[in-house]
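Notes to accompany the following structure.
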Amino acid sequence: MSGAQQYKTLKGMQDILPPDTFLWQSVEQTARSIFSVFGFQEIRLPVLESTGVFSRSIGEQTDIVEKEMYTFTDKGGRSVSLRPEGTASVVRSYVENNLHNLPSPQKFYYSGPMFRYERPQSGRFRQFYQIGVEAFADPHPRMDAEVILMLERFLSGIGLQGISFQINSIGCEQCRPGYRDALLSFFSGKADQLCPDCLRRYDRNPLRILDCKSAKCIAARSGAPRITDHLCDDCRQHFGKLQELLNMLHVAFTVNPEMVRGLDYYTRTTFEVTSQGLGSQNAVAAGGRYNRLVREFGGPDTPAIGFAVGMERVIGLLKQSAAQEWPAPAVFIAARGEPAGTEALSLAGRLRDRGLWVEVGDAENSLKSQLRRADRISARHVFIIGDEELKSGQLRWKNLHDASQGVIMMTEIEEFISGIC
RNA sequence: GUGGGUGUAGCUCAGCCGGUUAGAGCACCAGGUUGUGGCCCUGGUGGCCGGGGGUUCGAAUCCCCUCACUCACCCCA
């Protein structure tokens, strides 16, 4: 190692390396195939947007917008930000491209990195990956149920265990202000019973007091009004119908009237999937309905619902339950000396054309050394080419799993391969 | 932004009441006679002991500062 500068990833950013990348690929593949059969189509969006895309949707007052965004001025003097979440960009794109002209409902999924300038901890990074979906133009709770069902299918499809679904309704512009007032008046005489954080929340976002973890606040909020008791008729019916549908679809869930979401744009249904064994950041996926956002972005009045899955959290759970496997090559070709080394390369090419993963040994090394390498990378079969084989037009094969071996003609190699692979 | 914990080889760690060239296991590479892996044996690559300063004849070891990582609060996927 010279005295040269050693670069490292920035705080909260990480390299994703093999064999983890294989796990990521399989999770992404499952997502694609499940979302596809539900009729969701992929969209790919920029990572950088006008800052307003996020501040106006997520909420000016939220922590995400106030202190967690990677915001800077570009060379044209515009304020731009790395996306801290996906929904705002999808809505921007929906409006910009007039996607409401596609047959309704319009259903999309996306995946990619998000950025938030936070203090990293277990399950929390500054660059993190989400797979998310958004469904537009269907106000009915059937769409809520379908989206939640799809999330459940996906999570069980990748083999996640021990997760639980919580759902809630946070009402709409008709009923939420009334509930907020009820909550404020309930806590107004109890300021001394709240933790310092919740005193702040009282002014900024009183609903958050409901999910504070401090023992004081848990005690102070007993008997607090519940959002589910303050829903207007339409919201109550919507929420009731959703529960009915989820039961019919056999999606296990619990209603949690204290569940609060951090983003301002939600209306009615919100939901969250949590897991034990994730540490403090235990949300695996979360989402909800946002019926006003498209309108606020200048589009037609269009209801919508979506969710996002935290990839690192899902991957973290999967790694706990199963050891990482390295994929292994089908064939390793060991050659001895120069003419054989060339022959090995040519044979490898033919086998790769048939879609096989083939590794070639270093013909300058001993056979023993090459076999050791083949074993280390768990190759299933070894072909051995040397002077003898070149003379006779044959080659020797060996199965490293059961140690069987034999000889075949070089010209019959393709048939032989199709018999064993 | 606020607290706690930890920094010695790629990984897991020992050494740390100061004392000659800083260790182990695993991993990686090679070899153990002519062309056969796993086990075993041998050898090799790899660390200015996170960085800087101080105390001392002498610091991985003691003191101070700093940085990084990590967990938690906050917030959230």
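We name chains A, B, ... by the order of the sequence lines, and we start the count at 1 in each one.
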Salt bridge (charged side-chain N to carboxylate O under 4.0 Å, His left out) between A:E272 and A:R261, worked out = CA-CA 9 Å; A:E272 194 168 294; A:R261 309 262 61 249; 2.8 Å; yes

Show your reasoning for whether salt bridge (charged side-chain N to carboxylate O under 4.0 Å, His left out) applies to A:D20 and A:K319.
-> CA-CA 9 Å; A:D20 284 1; A:K319 285 172 73 173; 2.8 Å; yes

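In this structure, the CZ atom of A:R116 is 18 Å from the P atom of B:G1, given to the nearest Å. A:R313 places its CZ atom 10 Å from the C1' atom of B:C75, with the value rounded to the nearest Å. Whole-Å rounding puts the A:E85 CD to B:C75 P distance at 18 Å. A straight line from CG of A:N205 to P of B:C74 spans 14 Å, rounded to a whole angstrom. Remark: C1' of B:C75 and CD of A:E272 are 12 Å apart, rounded to the nearest angstrom. If you measure from atom CG of A:L160 to atom C1' of B:A77, you get 13 Å, rounded to the nearest angstrom. Distance A:K216 NZ to B:C73 P: 18 Å, rounded to the nearest Å. Rounded to a whole Å, the CD atom of A:E118 is 9 Å from the P atom of B:A77.
Contact annotation: A:R124 side-chain N/O to B:A72 OP1/OP2 distance is not under 4.0 Å.
If you check B:C40 for Watson-Crick or wobble pairing at under 3.5 angstrom, you find it paired to B:G32. Within the shown strands, B:G19 is the pairing partner of B:C57 under the Watson-Crick or G-U definition, both distances less than 3.5 Å. Using the Watson-Crick or G-U wobble rule with both distances under 3.5 Å, B:A77 pairs with nothing in any strand shown. Remark: B:G10 base-pairs with B:C26. Criterion, Watson-Crick or G-U wobble with two distances under 3.5 Å. For B:C69, the paired nucleotide is B:G5, the pair qualifying as Watson-Crick or G-U wobble because both relevant distances are below 3.5 Å.
To the nearest 0.5 Å, atom OG1 of residue A:T411 and atom CD of residue A:Q394 are 9.5 Å apart. The SG atom of A:C172 sits 8.0 Å away from atom CG of A:L231, with the distance rounded to the nearest 0.5 Å. Rounding to the nearest 0.5 angstrom, the gap separating the OG1 atom in A:T274 from the CG atom in A:N256 is 9.0 Å.
The same atom, P, is picked in B:C69 and in B:C11; the two are 15 Å apart, to the nearest Å. Taking atom C1' on both B:G47 and B:G10, the two are 11 Å apart, rounded to the nearest angstrom. With both ends at atom P, the span from B:A30 to B:U8 equals 29 Å, rounded to whole Å. Taking the C1' atom of each, B:U56 and B:C64 are spaced 16 Å apart, rounded to whole Å. Taking atom P in both B:U12 and B:A59, one finds a spacing of 29 Å when rounded to whole Å. Using C1' as the reference atom, B:A77 and B:U2 are 23 Å apart when rounded to the nearest Å. With both ends at atom P, the span from B:G19 to B:A60 equals 10 Å, rounded to whole Å. Taking the C1' atom of each, B:C62 and B:A9 are spaced 25 Å apart, rounded to whole Å.
Judged as a side-chain hydrogen bond (donor to acceptor under 3.5 Å, both in side chains), the pairs with a partner in residues 282-292 of chain A (not counting sequence neighbours) are, in order, A:E134-A:Y290, A:D144-A:R289, A:R289-A:N291. Listed by first and then second residue, the side-chain hydrogen bond (donor to acceptor under 3.5 Å, both in side chains) pairs that reach into residues 360-385 of chain A come to none, sequence neighbours excluded. Screening residues 331-371 of chain A for ring-ring contact (aromatic ring centres under 6.0 Å, His included) gives no qualifying pairs among residues at least two apart or on separate chains.
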Any protein N or O atoms within reach of nucleotides 66-70 of chain B? Criterion: under 3.5 Å, listing atom names and distances.
from: B:A68; atom 1: O2'; to: A:K8; atom 2: NZ; distance (Å): 3.3
from: B:C69; atom 1: OP2; to: A:K11; atom 2: NZ; distance (Å): 3.0

Using a cutoff of under 3.5 Å, can you pull out all pairs of nitrogen or oxygen atoms linking the protein to nucleotides 6-10 of chain B, with atom names and distances?
none

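Take A:R226 and apply the side chain to side chain contact (heavy atoms under 4.5 Å, CB included) test, not counting sequence neighbours, and it matches A:T228, A:D229, A:P257. With sequence neighbours excluded, no residue forms a ring pair (Phe, Tyr, Trp, His ring centres under 6.0 Å) with A:Y266. In this structure A:Q25 satisfies the side chain to side chain donor-acceptor pair (under 3.5 Å) test with no other residue, sequence neighbours excluded.
Mapping A:K67 and A:A285 onto RNA chain B by nearest heavy atom places A:K67 at the nucleotide closer to the 5' end.
Two rings, from A:F271 and A:F165, have their centers 6.0 Å or more apart. Checked against a 6.0 Å centroid threshold, the rings of A:Y109 and A:F35 count as neighbours.
With respect to the salt-bridge test (charged N to carboxylate O, under 4.0 angstrom), the residues A:E296 and A:R56 do not qualify. Salt-bridge annotation for A:D197 and A:R200: present, with a side-chain N of the basic residue lying under 4.0 Å from a carboxylate O of the acidic one.
Residue contacts for A:A286: at a heavy-atom cut-off of 4.0 Å it reaches the sugar-phosphate backbone alone, with no base atom in range. Within the nucleic acid shown, A:G132 has no heavy atom closer than 4.0 Å to any nucleic acid atom. Nucleic acid contact class of A:V314 (heavy atoms, under 4.0 Å, all strands): none.
With hydrogens and angles ignored, the 3.5 Å screen pairs no side-chain donor or acceptor of A:R126 with any backbone N or O of A:P120. For the pair A:S93 (side chain) and A:V90 (backbone), a donor-acceptor distance under 3.5 Å is absent.
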Side-chain polar contacts of residues 63-74 of chain A - donor-acceptor pairs under 3.5 angstrom, sequence neighbours left out - could you list them?
from: A:E66; atom 1: OE1; to: A:R204; atom 2: NH2; distance (Å): 3.3
from: A:T71; atom 1: OG1; to: A:S81; atom 2: OG; distance (Å): 2.7
from: A:D74; atom 1: OD1; to: A:G76; atom 2: N; distance (Å): 2.8
from: A:D74; atom 1: OD1; to: A:G77; atom 2: N; distance (Å): 3.1
from: A:D74; atom 1: OD1; to: A:R78; atom 2: N; distance (Å): 3.0
from: A:D74; atom 1: OD2; to: A:R78; atom 2: NE; distance (Å): 3.1

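Contacts between residues 50-64 of chain A and RNA chain B, defined by a heavy-atom separation below 4.0 Å, involve A:D63, listed by number. Residues from residues 15-23 of chain A that place a heavy atom under 4.0 Å from any atom of RNA chain B: there are none.
Between A:W24 and A:Y129, the angle of the ring planes goes over 60°, which puts this pair in the perpendicular group of the 30/60° scheme.
Under 3.5 Å, the side chain of A:R200 and the base of B:C74 form no donor-acceptor pair of N or O atoms.
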Footprint string (nucleotides 32-45 of chain B, 5' to 3'): B base within contact, S backbone only, - free, heavy atoms under 4.0 Å | B--BBBB-------

